[in-house]
J.: 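Got a structure here, written out as structure tokens. Questions coming.
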Amino acid sequence: MSDVVITRIASATPDLAAFVSAHHAEMQGTAPPESQHALPIEGLLAPHVRLFAATLDDRIVGTGALATVDHGHEELKSMRTDPALRGRGIGRTLVRFLLDDATARGVRRVSLETGRDDFFLPAVAMYTRAGFRECAAFGRYRPDPHSVFLTLELPARGSADDGAHAIMNA
């Protein structure tokens, strides 16, 4: 199999829009609409969000983003791996990449919100293995019985290249 390449995304393509739309479709029925917090493609391309895509043979196989919550605090958003490729390490690689990107830019804390439905159990386990711990609602979130809030304190480091790239063997 070829290498998975992770790059920062600055504009939408039909393939990216379809991948994000599939992300939203997968989550339907896991919680009421007011408890689903995935950003639409326009939100992922906002100035305060850093969106990345993992590609394999020029096909999008994963996404992840970092959105500013507060100075030194960002939120992990829109983590998704192509369902046909789950369990192969793409999600873990994206999380490591995003945490490295945040650390290199001086971010001191990364948090996330995900669902409590059984559908999200593998994601929660992955985040926990990466060092995230359950926390209170943060930023604009309010406590919600359908949400799990997780956070991770990051070590201090240098600065990142804005067009960061990563490669993993898949």
Side-chain angles (χ1 to χ4, degrees), residues 4 6 8-9 19-20 22-24 26-40 43-44 46-54 61-83 85-162 164 166 168 170:
V4 172
I6 301 172
R8 184 162 181 203
I9 304 300
F19 195 85
V20 171
H23 179 58
H24 290 253
E26 272 188 299
M27 292 185 294
Q28 286 184 346
T30 62
E34 66 273 11
S35 294
Q36 294 180 20
H37 304 287
L39 291 174
L44 291 170
H48 71 284
V49 179
R50 295 170 64 85
L51 174 63
F52 295 88
V61 296
T63 55
L66 291 165
T68 302
V69 174
D70 200 354
H71 179 72
H73 183 194
E74 293 186 351
E75 179 182 4
L76 190 67
K77 296 290 292 180
S78 296
M79 283 292 303
R80 179 176 190 255
T81 299
D82 180 329
L85 298 174
R86 289 184 181 150
R88 296 188 187 186
I90 294 169
R92 288 186 304 276
T93 299
L94 271 164
V95 169
R96 276 194 308 270
F97 178 87
L98 292 167
L99 294 175
D100 287 347
D101 176 77
T103 300
R105 291 181 297 105
V107 174
R108 297 305 310 264
R109 179 179 170 204
V110 173
S111 300
L112 65 95
E113 179 277 339
T114 193
R116 283 204 185 274
D117 186 87
D118 287 351
F119 173 81
F120 298 101
L121 291 176
V124 171
M126 177 185 68
Y127 297 133
T128 301
R129 283 191 303 274
F132 285 85
R133 298 293 173 251
E134 198 160 340
C135 66
F138 60 90
R140 295 183 177 178
Y141 292 107
R142 298 296 162 248
D144 184 333
H146 300 283
S147 291
V148 175
F149 301 100
L150 302 168
T151 196
L152 175 67
E153 298 292 328
L154 299 176
R157 283 218 316 225
S159 64
D161 173 6
D162 195 43
M168 89 171 243

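Note that the structure is a prediction, hence the values are computed from the model and not measured.
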J.: Run the salt bridge (charged side-chain N to carboxylate O under 4.0 Å, His left out) check on E134 and R116 step by step: do they pass?
T.: CA-CA 12 Å; E134 198 160 340; R116 283 204 185 274; 3.3 Å; yes
J.: Quick one about S111 and E75 (side-chain donor to acceptor, distance below 3.5 Å, no hydrogens or angles considered), yes or no?
T.: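 There is no such pair (donor and acceptor under 3.5 Å, judged by atom type) between the side chains of E75 and S111.
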J.: For the pair T151 and V110, evaluate side-chain contact (heavy atoms from CB on, under 4.5 Å) and give the outcome as yes or no after the intermediate values.
T.: CA-CA 6 Å; T151 196; V110 173; over 6 Å; no
J.: Are any side-chain N or O atoms of T63 and backbone N or O atoms of S78, one a donor and one an acceptor, separated by less than 3.5 Å?
T.: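 Present.
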J.: May I ask you to decide if T81's main-chain N or O and R86's side chain share a donor-acceptor pair within less than 3.5 Å?
T.: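 It does hold such a pair.
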J.: Does the side chain of K77 reach to within under 4.5 Å of the side chain of E113, using non-hydrogen atoms?
T.: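 No, too far: nothing below the 4.5 Å cut-off.
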J.: Measure from the side-chain N and O atoms of R92 to the backbone N and O of M126, and report whether any donor-acceptor pair falls under 3.5 Å.
T.: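 Side chain of R92 to backbone of M126, a donor-acceptor pair under 3.5 Å: no, none is there.
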J.: Measuring only between side-chain heavy atoms, which start at C-beta, is L152 closer than 4.5 Å to Y127?
T.: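 In short, these two side chains do not touch, never coming nearer than 4.5 Å.
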J.: Just so I know, are the side chains of R133 and T128 near enough to count as touching, which here means a heavy-atom distance under 4.5 Å?
T.: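 They are in contact (side-chain heavy atoms under 4.5 Å apart), so the answer is yes.
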J.: Checking R50 side chain against A65 main chain: does a donor-acceptor pair fall under 3.5 Å?
T.: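 Here the side-chain-to-backbone pair does not exist.
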J.: With heavy-atom distances below 4.5 Å as the criterion, would you say the side chains of L99 and F132 are in contact?
T.: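 Counting from C-beta outward, L99 and F132 do come under 4.5 Å.
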J.: Do L150 and V148 touch side chain to side chain, with heavy atoms closer than 4.5 Å?
T.: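 The answer is yes; the side chains approach within 4.5 Å.
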J.: Below 30° counts as parallel, above 60° as perpendicular, anything between as tilted: where do the rings of F149 and F138 land?
T.: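 Rings of F149 and F138: perpendicular, over 60°.
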